[in-house]
Amino acid sequence: MTQNLVSLDLTDNLPKFDAALDAIEGLMDVFVSLTPDEVRQLTKIGDKSETFCRQTLAILDQNKQALPPGFDLGELKRDLAAFDALRPRLIRLQALAAKCADTQVALGSDILSASYDGYRLLKAFGKADNVTPLKETMRSNVRRTAPAKADSAA
């Protein structure tokens, strides 16, 4: 094989991995899921608006007597505390998801590269009987993904 970006056997770790994911999913039962349309319609907090929100909360907290009975300052404080607590965990989860995605891309690339190498070896050693069914499969699949490789391998 000319390429081996990652060598990985997950067999022993899959039960632990799945248990960890189950635990995370269980903890996230209270989280919400929004449709893309709902996300588009929401006002979103950014760096500048976050500063505004924090300053507003501080001033509201100093002037509780001016708030109408229906304004739930406690809920605003809880939302901000949850927002702050979630941020570093979301960053960690995003990094882990990106690492999983990168590993899958690397594994797929290793698989395809090794398959090209193996195909060329079969051709070179005259295993025509075994290569014939692969040729057509390779031609149809590779046209969509890597035309330059297909030309050199076919």
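Only this structure's heavy atoms are used, side chains among them; waters, hydrogens and symmetry mates stay out. What you see is a predicted model, and the numbers here were worked out from it, not measured in a lab.
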State whether Arg87 and Glu50 are salt-bridged, where the test is any N-O pair (Lys NZ or Arg NE/NH1/NH2 against Asp/Glu carboxylate O) under 4.0 Å. yes
Heavy-atom check, side chain of Leu80 versus side chain of Leu76, under 4.5 Å: no
Write down the atom of Ser7, the atom of Asn4, and the distance for their closest heavy-atom approach. CB-ND2, 4.1 Å
Closest heavy-atom pair and its distance - Ser113, Gln3: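 In terms of heavy atoms, the two residues are closest at OG-CB, 3.5 Å.
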Those residues that, when tested against [X], pass side-chain contact (heavy atoms from CB on, under 4.5 Å) (two or more places apart):
{"X": "Leu8", "answer": "Val6, Leu10, Thr103, Leu107"}
{"X": "Asp61", "answer": "Lys64, Leu73, Lys77"}
{"X": "Thr56", "answer": "Phe52, Leu60"}
{"X": "Asp37", "answer": "Thr35, Arg40, Gln41"}

Does Lys44, at its NZ atom, have more than 12 non-hydrogen atoms belonging to other residues, nucleotides or ligands within less than 6.0 Å?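 Yes, NZ of Lys44 has more than 12 neighbouring heavy atoms, counting only those of other groups under 6.0 Å.
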Answer yes or no: does atom CG of Asp12 have more than 12 heavy-atom neighbours from other residues, nucleotides or ligands under 6.0 Å?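 Atom CG in Asp12 is not crowded, with 12 or fewer foreign heavy atoms closer than 6.0 Å.
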Is it the case that the side chain of Ser109 and the backbone of Val105 share a donor-acceptor pair, with hydrogens and angles ignored and the cut-off at 3.5 Å? no
Using only atom types and a distance under 3.5 Å, with no angle test, would you say the side chain of Arg89 pairs donor to acceptor with the backbone of Ala85? yes
Which value, rounded to the nearest 0.5 Å, describes the distance between Phe83 atom CZ and Leu90 atom CG? 9.5 Å
I need the Asp79 CG to Asp72 CG distance, nearest 0.5 Å.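 If I round to the nearest 0.5 Å, the distance is 9.0 Å.
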Through direct or indirect side-chain contacts below 4.5 angstrom among Ile, Leu, Val, Met, Phe, Trp and Tyr, which residues connect to Val30?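 Under the 4.5 Å side-chain rule, Val30 groups with Ile24, Met28, Phe31, Leu86, Leu93.
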Does Glu75 have any salt bridge (charged side-chain N to carboxylate O under 4.0 Å, His left out) partners at least two apart in sequence or in another chain, and if so, which? Arg78
Checking Ile45 against Cys53 for the side-chain contact (heavy atoms from CB on, under 4.5 Å) test, could you report, in this order, the C-alpha distance in whole Å, the side-chain angles of both residues, the deciding distance, and whether it holds? CA-CA 9 Å; Ile45 197 168; Cys53 294; 4.0 Å; yes
